[in-house]
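Below is one structure, written out as structure tokens; the observations come after it.
Computed from heavy atoms alone, side chains included, the values below leave out hydrogens, waters and symmetry copies. Start at 1 with the first residue, then count along the sequence. Everything numeric here is computed off the predicted structure, so don't read it as measured data.
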Amino acid sequence: MQILSLLLTVFFTSLLGYFYHSALMWLAFSALLAMMYLLWQQKRKGFQPQSETYKELEKIKKKRFREDNKKHKHINDQIAYIDEVWGYTKEQKRIIKKFIEERAYSKMYNKLTASLLPQIIILIDNCNERGQKGCKREVSRRLKELTELMKVELKKQKSNKHESFETTLEVYDRLLKEVR
């Protein structure tokens with residue numbers, strides 16, 4: 001089918017050139033512009049396989065990305081609320097910022113959002129209702145424990161990344177030795 005359309009195009013172009021010589025120059029120029037535009041679009045589009053499995057994997061990736069973003073916003077909102085209503089020390093802010101940026105909460109997300117953060121928020125709200133009398137130490141202690149937990153989780157995540165990297169290197173080394 002493509003060969004037939006190519007032959008028809010050549011036939012009509014030759015007829016056009018035979019009867020209208022000056023039109024060939026404009027036709028060639030417009031064809032060059034069209035080719036450049038198509039090449040530019042193809043280059044911009046990049047790699048896009050058409051297989052169904054690839055499309056399914058892309059859907060799963062997008063779904064996970066949306067869920068991760070939703071989790072990130074939820075935990076970020078709770079931490080921002082505590083900061084706005086109560087406040088953190090400079091060290092706590094630094095630890096929490098790093099914890100959020102590295103998304104180190106992935107293993108303990110449910111524990112944080114369903115238990116720890118809401119309890120601290122309720123404690124802070126109750127404390128503020130009483131004018132911070134008799135509960136300031138308790139809130140500070142809980143926030144300190146929370147940031148220590150975050151610090152431990154950051155260390156775990158860092159060591160896991162390092163171990164994963166070393167394991168990957170070992171696997172590559174073994175594969176290279178087997179190939180030789």
Are L149 and M108 side-chain neighbours, meaning at least one heavy-atom pair lies under 4.5 Å?
-> yes

Is K71 paired with E67 through a side-chain N to carboxylate O contact shorter than 4.0 Å?
-> no

Are side-chain heavy atoms of R141 and R137 found at a separation under 4.5 Å?
-> no

State whether the number of non-hydrogen atoms from other residues, nucleotides or ligands found under 6.0 Å of Y54 atom OH is greater than 12.
-> yes

Mind running side chain to side chain contact (heavy atoms under 4.5 Å, CB included) on Q78 and H74 for me, showing each step along the way?
-> CA-CA 6 Å; Q78 288 181 330; H74 185 66; 3.7 Å; yes

List the steps, then state whether side chain to side chain contact (heavy atoms under 4.5 Å, CB included) holds for K156 with V152.
-> CA-CA 6 Å; K156 281 182 188 176; V152 168; 4.0 Å; yes

Short side-chain to backbone donor-acceptor contact, T147 and K144, under 3.5 Å | yes

Under 4.5 Å between side-chain heavy atoms, hopping through other hydrophobics if needed: is there a path connecting W26 to F12?
-> no

Taken to the nearest 0.5 Å, the spacing of E148 CD from L143 CG works out to 12.0 Å

Would a 4.5 Å heavy-atom cut-off, applied to side chains only, mark E153 and Q157 as touching?
-> no

Say you draw a straight line from CG of N69 to CG of N76; how long is it, rounded to the nearest 0.5 Å?
-> 10.5 Å

State, with a plain yes or no, whether a side-chain heavy atom of I121 is found less than 4.5 Å away from one of V85.
-> no

Do other residues, nucleotides or ligands put more than 12 heavy atoms under 6.0 Å from Q42 CD?
-> no

Please tell me if the side chains of N126 and E129 come closer than 4.5 Å, counting only heavy atoms from C-beta onward.
-> yes

Show the numbers, then the answer: is there a side chain to side chain contact (heavy atoms under 4.5 Å, CB included) between L112 and F99?
-> CA-CA 12 Å; L112 275 174; F99 184 77; 3.8 Å; yes

When every non-hydrogen atom of E138 is compared with those of L123, the smallest separation belongs to CG-CD2, 4.1 Å

Side chain of Y37, backbone of L32: donor and acceptor closer than 3.5 Å?
-> no

Inter-residue atom distance I75.CD1 - I100.CD1, 0.5 Å rounding = 5.0 Å

How far does CD1 of I82 sit from CG of L117, to the nearest 0.5 angstrom?
-> 5.0 Å

Interatomic distance, E145 atom CD to S140 atom OG [nearest 0.5 angstrom] = 11.0 Å

Any side-chain donor-acceptor pair under 3.5 Å between Y81 and D125?
-> yes

Under-4.0 Å salt bridge between E58 and K55 | no

Considering all heavy atoms of both residues, which atom of P118 and which atom of T113 are nearest to each other, and what is their separation?
-> CG-O, 3.0 Å

For atom CZ of R64, is the number of surrounding heavy atoms from other residues, nucleotides or ligands below 6.0 Å larger than 12?
-> no

Are F11 and Y18 connected in the hydrophobic side-chain network, where two residues link if heavy atoms are under 4.5 Å apart?
-> yes

Check ion pair E91-K151 (N to O, under 4.0 angstrom) = yes

D68 versus H72: any side-chain heavy-atom pair under 4.5 Å?
-> no

Heavy-atom side-chain proximity of K136 to W86 below 4.5 angstrom = yes

So do K97 and E101 actually touch side chain to side chain, heavy atoms under 4.5 Å?
-> yes

Nearest-0.5 Å distance, CD1 of residue I79 to CD1 of residue I120 = 9.5 Å

